[in-house]
Amino acid sequence: MLFQNKKLKVRKIEKEDSYQLAKWLSNPSVLEFYEGRDNPFDLEKVKKDFYDSKDETVKCIVEYKDRDIGYIQFYRLDDKTKEEYRYVDENIYGMDQFIGEEKFWNKGIGTLLVSSMVEFLIKYKNADCIVMDPQTTNSRALRCYENCGFKKVRILPNHELHEGEYQDCWLMEYHK
């Protein structure tokens, strides 16, 4: 387990989690905000994207009251992304997350998750700054991130291909 905060736990993914990830990432309600409804995941795609990739991303399952409810990942920004986002020498981490169980939406769990991960990255990874790039139309996520202390820095035009169209995203950051 990476950390626990109240009834929330975050742990690295295990092979058995592939079925849960495939379930969440084939749900149109989840895909509307993460990956796109035109991009559902089957077990094979989950294995390829979450288990076979050689990147440095730390991939985790989110548990609430001992039940798997979502996914979070974090990674140190590479030089190319730092340049794109206009950062220089800071120790910067990015993170992405979703709650895959709809009955846990709008209950403050996302805010607890994001704020807990921010605390973890600052304390254990010495992050100077944490960034995210949500789509400008994802108002629920934007509210959550702002409630956790993230600030909108600038629009990233046509930043993410989502459901067949390039979408604008906000570059949001949290500074310790």
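Throughout, residue positions are numbered sequentially from 1 according to the sequence presented.
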So do the side chains of [X] and [Y] get within less than 4.5 Å of each other, counting heavy atoms only?
X    : Y    : value
S116 : L8   : yes
N5   : L112 : yes
F150 : I130 : yes

In terms of hydrophobic clusters joined by side-chain contacts under 4.5 Å, are [X] and [Y] together?
X    : Y    : result
L2   : Y64  : yes
Y145 : I92  : no
M117 : L171 : no
L43  : F41  : no
I69  : I61  : yes

Check against side chain to side chain contact (heavy atoms under 4.5 Å, CB included), V114 and M132:
CA-CA 11 Å; V114 170; M132 289 192 277; 4.1 Å; yes
Just how far is it from atom [atom1] of [X] to atom [atom2] of [Y], taken to the nearest 0.5 Å?
X    : Y    : atom1 : atom2 : result
F98  : E32  : CZ    : CD    : 14.5 Å
R67  : E63  : CZ    : CD    : 11.5 Å
C129 : H175 : SG    : NE2   : 3.5 Å
Y51  : L21  : OH    : CG    : 5.0 Å
L156 : M172 : CG    : CE    : 11.5 Å
N147 : L142 : CG    : CG    : 11.0 Å

Count the heavy atoms of every other residue, nucleotide or ligand shown that sit under 6.0 Å from CG of D52, and state whether that count exceeds 12.
yes
How about D55: does its CG atom have over 12 heavy atoms from other parts shown lying under 6.0 Å from it?
yes
Audit row: V88, K82, side chain to side chain contact (heavy atoms under 4.5 Å, CB included) steps and yes/no:
CA-CA 7 Å; V88 184; K82 281 172 131 177; over 6 Å; no
Got a sec, which residues hit side chain to side chain contact (heavy atoms under 4.5 Å, CB included) with R76, two or more places apart in sequence or on another chain?
N91, Y93
Contacts of type side chain to side chain contact (heavy atoms under 4.5 Å, CB included), residue Y75, not counting sequence neighbours
T57, Q73, L77, D96
Quick one: does N138's side chain have a donor or acceptor within less than 3.5 Å of a partner on Q135's backbone?
no
For the backbone of S18 and the side chain of E16, can you confirm whether one donor and one acceptor N or O come within less than 3.5 Å of each other?
no
Derivation and outcome, ring-ring contact (aromatic ring centres under 6.0 Å, His included), residues F50 and Y71
CA-CA 11 Å; F50 288 85; Y71 173 81; 5.0 Å; yes
Report yes if the distance between the aromatic ring centroids of F3 and Y124 is under 6.0 Å, otherwise no.
no
Please find out if less than 6.0 Å separates the ring center of F74 from that of F120.
yes
Strictly by salt bridge (charged side-chain N to carboxylate O under 4.0 Å, His left out), give each pair with a member in residues 119-131 just once, sequence neighbours left out.
D128-K176
What is the minimum heavy-atom distance between [X] and [Y], and which atoms define it?
X    : Y    : value
D49  : K59  : O-CE, 3.8 Å
H162 : Q167 : CB-CG, 3.7 Å
L31  : E163 : O-OE2, 4.1 Å
E14  : D17  : N-OD2, 2.7 Å
D42  : K45  : OD1-N, 2.8 Å
R11  : M1   : CB-CA, 4.1 Å

In terms of side-chain heavy atoms, does D168 have a donor or acceptor partner in H159 at a distance below 3.5 Å?
no
Just checking, any donor-acceptor pair under 3.5 angstrom between side chains of Y87 and E173?
yes
Could you check whether the rings of W105 and F33 sit parallel, tilted or perpendicular, using 30° and 60° as the cut-offs?
perpendicular
Identified side-chain hydrogen bond (donor to acceptor under 3.5 Å, both in side chains) counterpart of N27 within the set E102, R37, E101
E102
Side chain to side chain contact (heavy atoms under 4.5 Å, CB included) for D133 and Y85? Distances and angles first, verdict last.
CA-CA 10 Å; D133 56 0; Y85 288 175; 3.0 Å; yes
In sequence, state the C-alpha distance, the side-chain angles, and the governing distance for V131 and V153, and then conclude on side chain to side chain contact (heavy atoms under 4.5 Å, CB included).
CA-CA 10 Å; V131 296; V153 177; over 6 Å; no
With the threshold set at 4.0 Å, does a side-chain nitrogen-carboxylate oxygen contact exist between K151 and E146?
no
Can D66 and K9 be said to form a salt bridge (charged side-chain N to carboxylate O under 4.0 Å, His left out), step by step?
CA-CA 8 Å; D66 296 318; K9 294 179 190 172; 2.8 Å; yes
